Amino acid sequence: MSYLLTQLGNGLMLGCMYGLIAVGFSLVYGVARLMNFAHGEFFMVGAYGALFSAELPLWRWGNGAGATMFWTLVISVLVSAASGALVSVLVERLAYRRIRRVSRTATFLVAVGASILLQQIGFKVFSASPRGFPDVCTPVVVAAPTLSGWLQPSAGLPCEVAVTSQLQAVALSPSGTSAVTFVVLAFAVWGALFFVLRTDTGLAIRAVSIDEKSARSVGIRPQPAIVITFAVGGALAGIAGFLWSLRYGGVQPLMGFIPGVKAFVAAVIGGVGSVTGALVGGLLLGLLETLSFAYLPGEVSGYRDAVTLLLLLVFLLIRPLGLLGRQFGEAA
Amino acid sequence: MALLADYILTHLVYLSILVIFAAGVVVLYGLAGVFTLGHQGFMAIGAYFAAGIACLMPAGGSPILAAALLVASVIAGVGGAVAGGLLLTGPSVRLRGDYMALATLAFAEILVALIRNTEALGGMRGLDVASLLPRASGSARLPILGTYALASVAMAAGAVLAVQRLGRSRLGIALRALRDDELAARSMGLENRRARLISFTMGAGLCGLAGCLYAHFSGHVSPRDFGFVQGAMVLLYVVLGGSTAVGTVCAVAVVYFLDEGLKLRCFGLLTGGLGDALVNWKDAILAGLLIALLAWRPYGLLTANRLRSEP
Amino acid sequence: MVRPRWKALVGSLGFFLLPLLGAGCRQEQQPVSRNEGAVDPAGSGKSVRLGAVLSLTGPAGTMGGESLNGLKLAIEDINARGKVHLDLRVYDDKTDPNEAAKLIQQVVQVDRVQAIVGPSTSPNCLRTGRLIQDLAVPAMTPTATNAGVTQSGEYMSRVCFIDPFQGEALAQFARKDLGFRSAELIVDKANDYSVGLADSFRSTFKKLGGEIVGEMTYSTGDADFAALIAKAARSEAQVLVIPGWYSDVGLMLRQAGRKWDKFTLLGGDAWDSPQLFELSGGNIHNAYISTHYAVDEPNPRVQGFVNRYIKVYKLKPGGFAALGYDTGLAFEDAILRAKSLTPAAIKDAINSIRGLQGVTGEITLNSNRDAVKPATIVEVLPNGYRFKTRISG
């Protein structure tokens, strides 16, 4: 029984992260009719932003280990959201804005190109080797930081290893990490829903997604709405990136590709354009993946990817709007 | 000099395979207007079928058996790809635009996921393809390579010509009419289903052929070779080529030129620090250049016609 | 769309040809005399151009990175000794087999090297084996251990032991030294190295009377191991055998937290990376790996190398660094004995390396061009390794 609960918990957490990325994706598609393949890269940029801010020795203040940890986490969330949003808006401005009105295929190709460009820049600036996310929840082992050491991972075992004394007393177990993840996820999800469903800006964005012309005729300008949507989507993806690396550990330039694809699938299953749909789709996907790995025998469990995609295909054929999607005037 | 010729011939073969693949996509996307993201799946089918048949070859078998297996593998590869194409015809009629793209993408990714998990197909590690053709090694390397290069260039030229003829034929015009405005076309009596069937057959078949050739020449197939990015690149060539066969060849040439140019430090012109930077950042620079190219000429490098509607 | 664009087609021919000719121009920049490897008139000995195609980045990045460090150290020493002069060109294949194939072609045909160091990983070697054999340039891999690597032909050789032996050694250690009866395998099915090593462990362990109670798989690059960890935690086995790369194992160990405390962990030589500690956050208990040497071994040659490495790089050398160093020594040995400096002659000289004393032990290449060496078992502690035992073939 406890095994089931553990795996359910794993599945939910994974699902929430997929959902968070999917929300951004869904929002952008709704507003701009644009499949943003570079969305996974915003996730990656957010993770790196959080990595660097967590590694900065500035936050290791002697106020007490608990406070240090708390502030490190808060700053990491903010930095990851900000970096995700920043890159998102940049990509929209530089890559998508002009091409979007011209040709759908060209826009898609530009999106793929932007995704590759971001990955390659990540390779060069951050180095392609996976980095461990500094365990803000356990005693930290830190060699003297230099700028290049900051940007590039350590190329070998430091000869001496120093343990900073202020964090030595604190050791949050992995379940503590999970608790933190859940709390941040809950806030992020609540924040996203609140923003879209309860604020005026959210209303404007929803109006533009339903019908751009009508929205314009009541005075809503679509371009700022699109930019805000990109920013919000990017921020959510960035936070997901931070949480992902906190929980799973590895940070490397390609890390956004597969979660991006999975979130994409989740968005479509849940209904592209619908925020709740994206979250539901993400949860479904995460649970499906985890539980099928947990309960299927070893040889078969590898097929879970194929099953996920088959699910997608079935949805596309039977109900392309997804579970909670709305008619956008050009579905099947 | 021999090394240079070796280098050229090898690249010629791979470029020809790429052109054949792109020709298939021209039929699917350029003529039939299917926003396809799954064409790499057809190539994968072709490659794996060919590899499978090739593995039937016993060690030290006779050349006649090798030739027979070669022919069989090509037939199987193309046939399998065509079957896959026919599978997609039905759904393609009902889905539009982005949803079609997603469905084809899902198709290709499911195939790849299935292959990745099937040990008999080598899983993620891939299969080594038994050499049915004489191996280009030792002293005979250049002549054999030369023959392969000649054969593949000929096949690529044939594919391009065939697609061009299709484009100019009645069927081709009908396809484009259906693509541009289905309602109007159908009101003129053009039938969607038959046209789609033929275009999927030919398009998937060409992609499958490219897959067979790739399997035999490179000697190894793995799911990595048929990923989403490779497929998107070919779509890029077709879009840059203005969705025509000849234009696509030009686009392939231009991108190849940019890629190699960066790799060889702007053809040896830029040395030192700037040259090194070009090589290190080659992939990023190339991605940026391609985005810029697309933004500049979204309808194709050679098409100035902005009135042309897009699928 | 309907008019022929022959002018464009002819123009594009130019686009095709220019890069190909450009490759030729680049070749002209290399002085031809170097390729024949004449004795350098300045009297500094035989001069050979080496091309290194290594995995410097990617999931096996430290395999290439560390071995390159060791190799560069060796080349410094060799060039200083003066009898052989090695000119090294380095390329990064990013742990991608297709990239490795492209680079091998480039390094042979554009850079015109006389011998190749690499590729680093077993998948990359397996992929490029046939190509190397066809191009007829000798390649020596410092770190790839899968058995199939050298089966492509006589142009492929290696400085390290092979996985069939490594798996046996691990199984012997688990069964005889540690006395375990039941094991669970966690295999990376996307990786030839992992699958091969797991196969050889499995068969030896069973032969020695042990039982494999279960097997699980993952793929290189997976990030979320939560489900796998929970599943493995339920296993009845006494030891978990994870023959994967450090980049995945590190994440696995970090995510496992304390859930795997009841198991002993066994790994192969691809754990041996400083990144293992960074990625796992030091969360390693009760683990042993088989690797190529032990950094705390009291042998003077080893300690000399270790101290030198620390002085130059300020880091402790892992197994791959030592292998990289020995690869350099192997090339020096071969070139000194080679009848001429054509690739074929160098190949013959490499294949007849006997009794070369390296940091990782005595290197003798057998008829399969594999090095027959003992496996060193070290215990993995949260911040380093400790020598445990040595198992010979």
Side-chain angles (χ1 to χ4, degrees), chain A residues 29 33-35 37 91 94-99 101-125 257 261 264-265 267-268 272 299-318 320-321 328 330-332, chain B residues 29 35 37 90-91 93-119 123-124 228-229 231-233 235-236 238-240 243 277 280-295 297-300 306 309-311:
Chain A
Y29 184 80
R33 291 291 176 283
L34 166 62
M35 298 235 182
F37 273 93
V91 168
L94 295 174
Y96 295 148
R97 189 171 291 193
R98 278 184 46 199
I99 198 82
R101 306 208 174 278
V102 169
S103 154
R104 167 163 287 142
T105 326
T107 316
F108 159 75
L109 288 172
V110 166
V112 173
S115 164
I116 296 180
L117 183 61
L118 287 171
Q119 283 172 9
Q120 291 300 327
I121 295 181
F123 272 131
K124 284 302 162 208
V125 175
F257 182 63
V261 170
F264 178 63
V265 173
V268 174
V272 195
E299 312 81 53
V300 180
S301 67
Y303 283 98
R304 66 178 187 270
D305 282 342
V307 168
T308 314
L309 291 164
L310 203 56
L311 193 66
L312 172 68
L313 199 56
V314 164
F315 260 98
L316 282 173
L317 293 175
I318 300 181
L321 290 174
F328 279 131
E330 56 110 53
Chain B
Y29 173 74
F35 185 3
L37 293 180
V93 177
R94 293 175 36 202
L95 294 175
R96 289 286 172 274
D98 293 335
Y99 293 99
M100 181 70 216
L102 284 182
T104 50
L105 179 60
F107 162 74
E109 288 297 311
I110 289 174
L111 267 182
V112 167
L114 285 175
I115 294 175
R116 264 210 300 265
N117 286 294
T118 314
E119 279 313 305
M124 192 66 187
F228 162 68
V229 177
M233 280 299 286
L235 192 60
L236 175 77
V238 173
V239 168
L240 278 181
S243 306
N280 284 334
W281 289 77
K282 177 189 77 126
D283 295 310
I285 297 178
L286 193 62
L289 280 176
L290 292 178
I291 294 180
L293 265 180
L294 268 174
R297 284 270 188 270
Y299 289 122
R306 301 270 157 158
S309 65
E310 48 102 14

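We name chains A, B, ... by the order of the sequence lines, and we start the count at 1 in each one. Here the structure is a predicted model, which means the values were calculated and not measured.
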Measuring only between side-chain heavy atoms, which start at C-beta, is A:Leu312 closer than 4.5 Å to B:Glu109?
no
With chain A, which of B:Leu290, B:Val229, B:Ile285, B:Thr118 has the greatest number of heavy-atom pairs at distances under 4.5 Å?
B:Thr118
For [X], is it the side chain, the backbone, both or neither that has a heavy atom under 4.5 Å from a heavy atom of chain A?
X: B:Leu294; result: both
X: B:Leu37; result: side chain
X: B:Val112; result: neither
X: B:Leu286; result: neither

If you round to the nearest 0.5 Å, how far is CD1 of A:Ile121 from CH2 of B:Trp281?
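Separation between the atoms: 6.5 Å.
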Report the distance from atom NZ of A:Lys124 to atom CG of B:Asp283, rounding to the nearest 0.5 Å.
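Separation between the atoms: 7.5 Å.
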Flag the one option from A:Gln120, A:Met35, A:Gln119 with the top tally of heavy-atom pairs under 4.5 Å to chain B.
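Of A:Gln120, A:Met35, A:Gln119, A:Gln120 has the most heavy-atom pairs under 4.5 Å with chain B.
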Just give me the residue among A:Leu94, A:Val265, A:Leu118, A:Ile99 that pairs up with chain B most often, heavy atom to heavy atom, under 4.5 Å.
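Among the listed options, the one with the most contacts to chain B is A:Ile99.
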Set of residues satisfying ring pair (Phe, Tyr, Trp, His ring centres under 6.0 Å) with respect to B:Phe228, sequence neighbours excluded:
A:Phe37
Identify all side-chain donor-acceptor contacts of residues 108-115 of chain A below 3.5 Å with residues at least two apart in sequence or on another chain.
from     : atom 1 : to      : atom 2 : distance (Å)
A:Ser115 : OG     : A:Glu41 : OE1    : 2.8

Over all atoms of both residues, closest heavy-atom pair of [X] and [Y]:
X: A:Thr105; Y: B:Tyr29; result: OG1-OH, 2.6 Å
X: B:Ala106; Y: A:Leu313; result: CB-CD1, 3.8 Å
X: A:Leu117; Y: B:Ala284; result: CD1-O, 3.0 Å

